[in-house]
Every structure is written in C-alpha cells, then in structure tokens.
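Okay, so here's the structure we're looking at.
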Amino acid sequence: MNSPQTAAFVSGYEVRAKSGANGEFGGELLEIAMGPHHPSTHGVFRMDVVLDGERVVKLKPVFGYLHRNHEKIAEDATYLASIPYTDRLDYFCSLTNNWAYCLAVEKLAGLQVPERAEYIRVITAELTRLQNHACLGGFLLQDMGASGTPLMYAFREREKILDLFESLTGARMMCNYMRFGGCRCDLPDGWLEQTRQVLAGFPRFLDEFERLLNENEILMSRTQGVGVLSSDLAVNAGVTGPMLRASGVNYDLRKVDKYGIYDRFSFRIPLGDHGDVYDRYMMRILEMRESFNILSQALRDIPEGPIVDPKAKIRGFRPKAGEAYGRIEAPKGELGFYLISDGSPNPYRYRVRAPSFINLTILEDMCLGHHVADVVIILGSFDIVLGEVDR
Amino acid sequence: MLGKGIIQGMVETARNFAGSYVSGDRLVTVQYPEERLAQIEAARNFPFLVYDGEDWQQGLRCVACQICEKECPPKCIYIIKDVTKKPDHTGKLQFQPKVFDIDISVCMSCQICVEVCPFDAIKMDVEYELSTADRFGQLLLRKSDLARPNAYYHRIHPTEATAVDAHLATERAKAAAKSKPDSKPAA
Amino acid sequence: METLEQIRDRLAAAFPQARLEIVPNGSPAAQDSLWMDSAQALAIARWLRDDPALRFDYASNVTGVDWLDTTVKESTKSVQVIDGVERLIEKKTERLIPGFLEVVYHLYSMELKHGPLILRMRTGNRSGEVSVPSLTPVWRSAEFQEREVFDLFGIVFEGHPDLRRILMWDGFEDFPMRRDYVEPDDYEFEPTPHDEVLEKAQRHHPEVSS
C-alpha cells in the first residue's frame with residue numbers, strides 16, 4: 001500500500017511563474033499572507049501562499065500564535081491540575097480531551113474504570129462528537145459562502161447538547177469532568193431522560209441538514225474533486241480521524257484499540273471513496289448517524305454502580321516510575337497523551353499528540369494547483385482548532 | 001434536474017422559518033436580559049467560602065490548610081494562616097485564614113479547589129453577571145467578599161448542600177461520641 | 001504482532017552493526033521500547049515500515065525527552081581481611097551519568113492494525129552533539145513533529161527537509177521544553193496576590209510598593 005516513493009517530500013522546489021509559452025499567464029508571482037486575522041482560518045493561523053495568478057504554487061502554514069507551552073505547564077503541575085488545561089486544547093471537545101488524558105494516566109497507574117463510568121464516558125464522548133461534527137458542517141459551509149444558515153442550524157443542536165453538558169459537569173465547554181479511574185460526579189436525576197429527549201430530535205436535524213445541503217449543486221461543484229488526498233499519502237503523513245477515513249483507509253481507534261467499552265456496541269465505520277472535500281464533509285454526517293446508534297445503545301444499557309475506582313486518589317497521586325501512551329479517537333482524529341513518570345507528583349514528561357496539528361502536515365500537498373478560494377474550503381474540511389494546533 | 005438540490009434546500013429553510021413561529025424546538029433563542037433561562041443546578045462559576053451560623057468570621061469553615069492553594073492549576077488562591085485558632089463545627093480547635101484571596105481574573109472555574117477541600121469549605125458560585133470598572137482591585141476577591149452563608153449554598157446547589165450537611169452532621173456525631181468517653185474519666 | 005524481543009532479534013540479524021537495546025518500562029502499561037543506534041536509524045526505520053510481517057506504516061507520535069545529568073550514589077560492600085580481622089568495608093562512590101536528549105517514536109501499523117512499537121534515539125549529550133537522523137523521509141507524519149522537537153528541545157534532525165522553528169517565533173534563542181530552561185525576566189506588572197509575583201513586580205517597578 002505504501003511504497004517508498006510516496007514518502008518523497010515536496011519541498012525545496014523552485015518556484016517559478018508560468019511562462020507565457022503555454023498561453024495563460026506571464027506575470028509575476030504574488031506572495032500573500034492569508035491570516036493570522038482571516039475569517040476562514042478558524043483562529044489565529046497564517047498561510048504564506050505564493051500565487052501564480054489564481055493558482056497556488058507554494059503554501060507554508062505558520063502557527064504558534066496561541067502557543068502557551070501547555071506541555072511545560074503540565075510538567076510543573078500535578079497530574080490532577082492538568083485536567084482543566086486539557087479542556088482548553090481542543091475547546092470544542094473538552095470531554096474527549098479529558099478522556100484521552102485520563103486513559104493515559106490510568107495506563108500509567110494501572111487504574112480500573114468501573115462500568116458505569118465507562119458508559120458515561122462513551123455517552124459524553126459521542127455527544128461531543130455529535131456537536132463537533134455538526135458544527136464542522138456549519139463552519140465548512142460558512143467558508144464556502146453559505147453565510148449563517150447551516151451554521152445556525154448546527155449551533156441550535158449544539159446548544160441542546162451543551163445544556164446537557166452543563167447540567168452534568170457544570171460547564172458548557174470547559175467541562176473538566178473525567179478523573180483518573182472514573183468520573184467526577186454521578187449523573188444528576190433525570191439526566192438520562194433529558195439526553196434521550198435531545199437525542200430523539202437529532203435524526204430530524206440530520207435529515208434536514210442533509211436535505212439542505214447534500215444535493216446542493218453549488219456545494220457539489222465547489223467540493224467534489226477538490227483537495228484530493230490519496231490513501232497512501234494520508235497513511236504516511238499520519239492523518240487520522242474522519243479525514244483519513246474519507247480517503248478510504250479503515251482505521252478507527254474505537255474499532256482498532258477498542259478502548260473503554262467500544263467493543264460492546266455495534267456500529268459501522270463510514271469510508272470515503274475519493275478523499276476530496278465532499279467526502280470529508282459526508283464522513284462527518286455519516287459518523288453522526290453512527291454516533292447516534294452508539295448513544296442509543298449506551299443509554300439503553302447503562303448500569304447502576306460506582307463511578308470511580310476506589311484505588312484512585314485525588315490528593316497525593318503519585319504513579320510509579322514508568323511511561324505510558326494512551327490514545328483515543330477524538331472527533332478530529334487520534335488524540336494521544338504520552339506520559340513519563342519519575343514517581344513524583346508531577347509528570348516528568350507530558351506530551352500531547354494533537355490530531356489537528358499533525359493533520360496540517362499535508363496542507364500544502366493538498367492545496368497545490370488549486371485556486372485560492374479552494375484553499376479556504378480545503379482548510380475548512382481539515383477541522384482544525386488552533387487551541388490544539390498551537391498548544 | 002439542475003437546481004433541484006438548491007430548491008430542496010430552500011424548502012428546508014422555509015420550513016424552518018415557518019416552524020420557528022409554532023415550535024419551541026426550532027426557536028431556541030432567549031431574549032436576555034428580559035428573559036432568562038432557569039438556573040442549572042450543577043453550574044459553576046467562581047469559588048466562594050461557606051460559613052455556618054450568623055457571624056461570617058466565626059463560622060468560616062476554612063481551616064487554612066492551603067491544599068487548594070497548592071492544587072489550584074492557575075495558582076489564583078493566596079492564603080496566609082492566622083496564628084490564632086478557632087473551634088470548627090465539631091468543636092476542635094483549628095487554624096483559620098488571616099488572608100484568603102482569589103484572583104478571579106486568573107481563576108478558570110475548574111472546581112479543583114472544591115474537590116480537594118477536605119472540609120467542604122470552598123464551593124462554586126453560580127453568579128455570572130460580574131463586571132467591574134476596575135480590572136485590578138475589584139477582580140481580586142478578599143475573604144470578606146468570598147464569604148457566603150450556608151443558606152446561600154443551599155439555595156444555589158440544594159442537592160449538593162444537603163449531602164454536605166449530612167456528611168458534616170455524621171462527623172459531628174462521631175466527634176461527640178469520641179469526646180464523651182474521654183470526658184468521663186476527666187470528670 | 002511479534003514481541004519486542006523477536007523484532008529486536010530480527011533487526012539484529014538484518015543490521016549486524018546496529019546497537020539495539022530494549023528499554024524496560026516499569027509502569028503497569030508495560031509498553032517497553034527499543035533503543036536504537038542513530039547511525040543506522042534511517043535504514044532500520046525503512047525496514048520496520050516495509051517488512052511484510054510488521055508494516056509499521058504510521059508514526060503516530062514523535063516527541064523529545066530531556067534527561068538531565070544525574071549523579072548516582074553507589075555503595076559497595078566487601079569483606080576484607082585487615083590485620084587478620086574480617087571487616088566489612090563500605091565504599092561510597094558518586095557516578096555522574098551524563099545527560100542526553102532522547103527522541104521517542106510511537107509506531108503503529110494501519111495495514112495490519114497492530115502496535116505500538118516504541119523507538120528511541122539518543123543524542124551524545126545535551127550541548128554539543130545534539131543531532132539524530134530525521135525519519136521524515138520514511139514517515140511524513142514526523143515532519144511537523146520533528147520540527148516541534150527541534151523547536152522546543154533543540155534536537156537537530158539531520159536530513160529534515162525544512163527544519164525551522166514551528167511554535168516559537170524565528171529568532172527565539174532558547175529551547176523552552178528543556179528541564180533547565182529559565183524563563184526570561186521580561187515581566188509585565190499585574191498586581192496578583194502572590195509573593196513571587198509581587199517580588200518580581202518590585203524588581204521591575206521599584207516605585208510600586210504593596
């Protein structure tokens with residue numbers, strides 16, 4: 001699948017304007033800084049683009065504007081104190097960030113998560129996935145020029161899910177909910193019922209969203225065949241999440257690692273055919289349908305019981321010296337935490353493998369030869385969050 | 001037919017527009033500040049200190065153990081221990097804070113201080129309409145700004161507060177049972 | 001997946017000159033790792049990716065670790081006969097283990113769905129010999145991550161196509177993720193109630209008293 005040639009690196013090439021010999025353009029190259037204050041870059045992110053007319057001939061992503069050295073802060077803090085900071089990585093999906101970090105620490109310290117807590121984790125993570133993917137659809141359409149409508153419809157649904165998060169965790173976005181060996185508090189009375197109600201309305205939203213957009217001719221002509229990512233390059237460049245699956249590679253950590261209790265649910269992994277922007281958009285829609293299936297099963301089966309491992313300590317938590325790498329399928333891709341403990345209350349090394357950061361590696365390859373306007377939607381289909389890219 | 005998808009989308013938009021007049025599901029906007037959503041019980045904003053009884057200085061549950069100061073991720077809590085002690089709710093003499101400051105311009109509302117507090121002394125407030133003209137002075141909350149009665153805690157987080165009260169009552173009962181056999185030989 | 005020992009043995013057969021060592025991991029995660037010599041790293045990486053039984057086609061995570069110089073105090077006890085009497089002599093020695101920088105690669109196989117294989121490479125020391133070969137020609141996903149390691153730890157990746165700072169700005173000089181990094185003292189005064197902060201403020205703004 002992956003021959004050495006595909007790993008060839010495209011850089012250091014000479015950039016030269018197309019000569020007038022092939023009849024189109026004999027002018028000079030234009031260098032533009034798109035961003036950091038550009039509405040399409042989803043945050044403070046800059047692309048240094050070299051243009052030949054309207055075509056991109058070179059593109060270098062520049063970031064770090066939001067860099068706060070999260071890893072250094074975490075190495076100076078106790079294990080517990082890093083959980084609220086993980087919320088602020090990918091601020092759309094704080095609960096999956098919590099889960100990835102807790103999973104790594106649980107591996108490091110050998111903690112067991114009780115069954116009820118596992119179910120709660122699955123429910124909250126899949127709700128997170130629903131709201132993230134719904135918003136991505138909205139943002140992508142916003143980038144394409146469909147101002148407002150799809151995004152507002154998506155935000156309306158997200159609002160209901162955020163209300164659920166607030167009544168469970170106390171905060172809408174910075175949830176800070178999961179703990180090593182379980183969750184912070186049990187579900188409040190009536191929360192499951194409320195969740196079932198919100199979910200009951202979700203398929204209707206999805207149907208509407210699909211009717212609104214899927215067959216829209218403008219959307220199709222803007223996205224189909226744009227930003228094609230081949231499966232070989234995707235694997236080699238470590239692209240993960242819906243982007244990888246849109247290129248037809250069947251790799252979902254929920255199936256591969258079966259972390260938590262994902263082996264108990266029946267769900268399918270949607271795969272794309274072409275690896276273009278349209279496939280990446282559809283991937284999110286289809287994944288929302290599957291997340292809905294997982295949620296219905298989890299809400300049906302959730303047992304009673306404790307929610308935290310009795311061995312887990314809140315104060316004075318010191319894992320034995322060693323290291324662990326834990327990873328989960330976050331809505332944006334594989335989110336991993338690599339921890340080295342030296343037996344002290346602080347991690348010796350704390351590393352976040354951020355999916356949006358690594359997915360950006362191949363931004364240039366995907367944009368070359370496309371129009372500037374396509375760069376915007378190609379970037380939109382990546383689903384990046386700068387809190388996570390810059391850390 | 002070219003344009004079918006666009007027309008289908010337009011129909012969907014029209015349905016949503018008309019639907020917003022009849023269905024609360026489609027019209028979710030609340031006209032703040034005239035209308036307000038019901039307060040969610042688990043909501044959290046900034047921490048406050050709970051006191052029992054009438055006098056806030058006597059009834060403050062905080063014993064200045066400084067665990068929250070150490071655990072606070074952004075380090076926004078500042079405590080100085082007082083040299084004098086006062087009895088806590090079980091009657092045992094405990095330290096008290098001389099200074100207890102929270103810089104809420106730094107606080108990130110994570111609730112770690114509440115979790116690590118062994119004395120149920122610090123809890124999360126739900127007040128969100130906070131604005132001041134002075135960035136430095138008024139965003140630094142002193143002990144007197146932070147102290148709130150237990151009744152206030154009951155009002156904002158009823159379930160949690162009842163559980164905390166029950167827990168404290170059993171502790172008091174334990175302390176009373178312990179002190180009785182001790183007091184007999186002394187008497 | 002083959003065990004780490006099997007992989008090491010097969011690698012040792014394929015690369016007789018390479019130095020390979022298993023680094024044990026004491027935590028319950030039990031993810032042991034393989035330390036390889038940097039001289040043949042590129043060839044070894046290529047072999048790991050292309051071997052039909054392993055096919056590690058996906059480098060998930062690339063990161064650096066800074067190990068400072070450590071002194072280990074050792075005491076050896078020996079029984080010696082001195083003046084006809086057996087005595088227990090205790091010898092205390094201090095041994096300096098020089099620090100080094102380490103690069104860690106977490107490899108998985110998307111094709112065969114197994115992993116992880118954890119590869120480590122070490123630099124000679126922390127100041128002069130800080131280069132290791134770049135594995136970006138083998139795994140493209142290492143491109144930005146190696147840049148990040150270069151940026152934050154100061155490990156130089158030889159053969160990296162575009163080794164520049166990535167998160168810090170160009171012209172920044174230190175390496176902030178090193179353990180001995182000291183924050184620059186370019187403090188902006190904000191009256192937060194911490195001793196440390198107030199002290200710093202006092203240093204910079206002697207006119208402010210609090």
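Hydrogens, waters and symmetry mates play no part in the numbers below; they use all other heavy atoms, side chains included. We name chains A, B, ... by the order of the sequence lines, and we start the count at 1 in each one.
Contacts of A/R88 with chain B are made by side-chain atoms alone, with heavy-atom separations under 4.5 Å and no backbone atom involved. Both the backbone and the side chain of B/K4 come within less than 4.5 Å of a heavy atom in chain A. Using a 4.5 Å cut-off between heavy atoms, A/C185 does not touch chain B at all. Neither the backbone nor the side chain of B/I7 comes within contact range of chain A; no heavy atoms are under 4.5 Å apart. Heavy atoms closer than 4.5 Å to chain B are found in the side chain of A/Y153, but not in its backbone. Heavy atoms of B/C117 lying under 4.5 Å from chain A belong exclusively to its backbone.
Dense packing is recorded around CD of B/E35, with more than 12 heavy atoms of other residues, nucleotides or ligands lying under 6.0 Å away. Heavy atoms from other residues, nucleotides or ligands lying under 6.0 Å from CZ of B/F17 number 12 at most. Annotation: B/Y21, atom OH; neighbour count of heavy atoms from other residues, nucleotides and ligands within 6.0 Å does not exceed 12.
A distance of 9.5 Å separates NZ in B/K75 from CG in A/D76, rounded to the nearest 0.5 Å. The structure places CD1 of B/I6 at 10.0 Å from CG of A/L219, a figure rounded to the nearest 0.5 Å. For the atom pair A/D163 CG and B/I40 CD1, the distance stands at 5.0 Å (nearest 0.5 Å). In this structure, A/M174 CE and B/S109 OG are separated by 10.5 Å, a value rounded to the nearest 0.5 Å. Interatomic distance, CG of A/N176 versus CD of B/E115, reported as 6.5 Å (0.5 Å rounding). Of the inter-residue distances, the one linking B/Q8 atom CD with A/E217 atom CD reads 9.0 Å to the nearest 0.5 angstrom.
Listed options A/C175, A/P345, A/A77 were ranked by heavy-atom pairs under 4.5 angstrom with chain B; first place goes to A/C175. Of the listed residues A/I73, A/I83, A/D189, A/L80, the one with more heavy-atom pairs under 4.5 angstrom with chain B than any other is A/L80. The greatest number of non-hydrogen atom pairs below 4.5 Å with chain B, out of A/E159, A/R179, A/M220, is found for A/R179. For the set A/E166, A/R211, A/K160, A/E215, the count of heavy-atom pairs under 4.5 angstrom toward chain B peaks at A/R211.
Inspection of the A/E208 and B/N16 side chains reveals an N or O donor paired with an N or O acceptor under 3.5 Å. No donor-acceptor contact under 3.5 angstrom links the side chains of A/S167 and B/E41, judged on distance only.
Nearest approach of B/P73 to A/P84, heavy atoms of both residues: CG-CG, 3.7 Å.
Side-chain atoms of A/Y85 and B/P74, non-hydrogen and from C-beta on, do get closer than 4.5 Å to each other.
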